[in-house]
Asker: 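Got a structure for you, written out below as structure tokens; questions coming shortly.
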Amino acid sequence: MKLLLSITALLEGVTGLALIAVPSVVVSILLGTSLTEPGLGLLARIGGVALTFLAIVCWLSRNDTKAGGVMVKVMVFYNVTGIILLGYAGVVEHL
């Protein structure tokens with residue numbers, strides 16, 4: 001569990017910080033589209049903040065066996081939901 005939470009923290013943290021710093025580049029890489037509306041950059045940065053906080057929680061709970069188990073379940077749910085939403089965006093919305 002410690003390794004999984006550590007890797008998750010690093011990946012989510014890098015992605016979150018990148019979304020905060022350069023949202024248009026990250027969105028272009030992840031979704032293959034640009035941020036055309038002015039508010040979308042702000043929305044991407046808010047998502048980046050959320051990912052950064054998820055990374056911090058994963059990092060802090062990686063040594064706690066009780067909290068670590070809960071965090072693994074939460075991160076699996078988060079990742080599966082993200083995969084479903086990205087799949088929907090690709091198949092239905094043609095992004």
Asker: Verify side-chain contact (heavy atoms from CB on, under 4.5 Å) between Asn79 and Glu12, making sure each step is shown before the conclusion.
Answerer: CA-CA 10 Å; Asn79 287 326; Glu12 300 292 345; 3.6 Å; yes

Asker: Please report the interatomic distance OG(Ser24) to CG(Leu40), rounded to the nearest 0.5 Å.
Answerer: 11.5 Å

Asker: What about Val80 and Met71, same hydrophobic cluster or not, with Ile/Leu/Val/Met/Phe/Trp/Tyr joined at side-chain heavy-atom distances under 4.5 Å?
Answerer: yes

Asker: Looking at every non-hydrogen atom in both residues, tell me the closest pair between Cys58 and Ala9 and how far apart they are.
Answerer: CB-CB, 3.9 Å

Asker: Kindly compute the distance separating CG (Leu30) from CG (Leu19), expressed to the nearest 0.5 Å.
Answerer: 7.0 Å

Asker: Atom CD1 in Ile20, atom OG1 in Thr15: separation rounded to 0.5 Å?
Answerer: 11.0 Å

Asker: Check whether Tyr78 and Leu31 end up in the same hydrophobic cluster, where Ile, Leu, Val, Met, Phe, Trp and Tyr are linked by side-chain heavy atoms less than 4.5 Å apart.
Answerer: yes

Asker: Distance check, rounded to the nearest 0.5 Å: Thr33 atom OG1 versus Leu35 atom CG?
Answerer: 7.5 Å

Asker: Val27, Leu86: one ILVMFWY side-chain cluster at the under-4.5 Å cut-off?
Answerer: yes

Asker: Provide the closest heavy-atom pair for Leu51 versus Gly16 in the form atom of the first, atom of the second, distance.
Answerer: CB-CA, 3.8 Å

Asker: For the hydrophobic clusters of this structure (ILVMFWY residues joined by side-chain heavy atoms under 4.5 Å, transitively), does one cluster hold both Leu60 and Phe53?
Answerer: yes

Asker: Quick check for you: to the nearest 0.5 Å, what is the distance between Leu54 atom CG and Met75 atom CE?
Answerer: 5.0 Å

Asker: Would Leu11 and Leu17 show up in the same hydrophobic cluster when neighbours are defined by side-chain heavy atoms closer than 4.5 Å?
Answerer: no

Asker: Could you tell me the separation between the OG atom of Ser61 and the CD1 atom of Ile56, rounded to the nearest 0.5 Å?
Answerer: 12.0 Å

Asker: Begin from the C-alpha positions of Arg62 and Thr8 and carry the test side-chain contact (heavy atoms from CB on, under 4.5 Å) through to its verdict.
Answerer: CA-CA 10 Å; Arg62 72 190 190 286; Thr8 299; over 6 Å; no

Asker: Can you see which heavy atom on Ala44 is nearest to which on Pro23, and at what distance?
Answerer: CB-CB, 3.6 Å

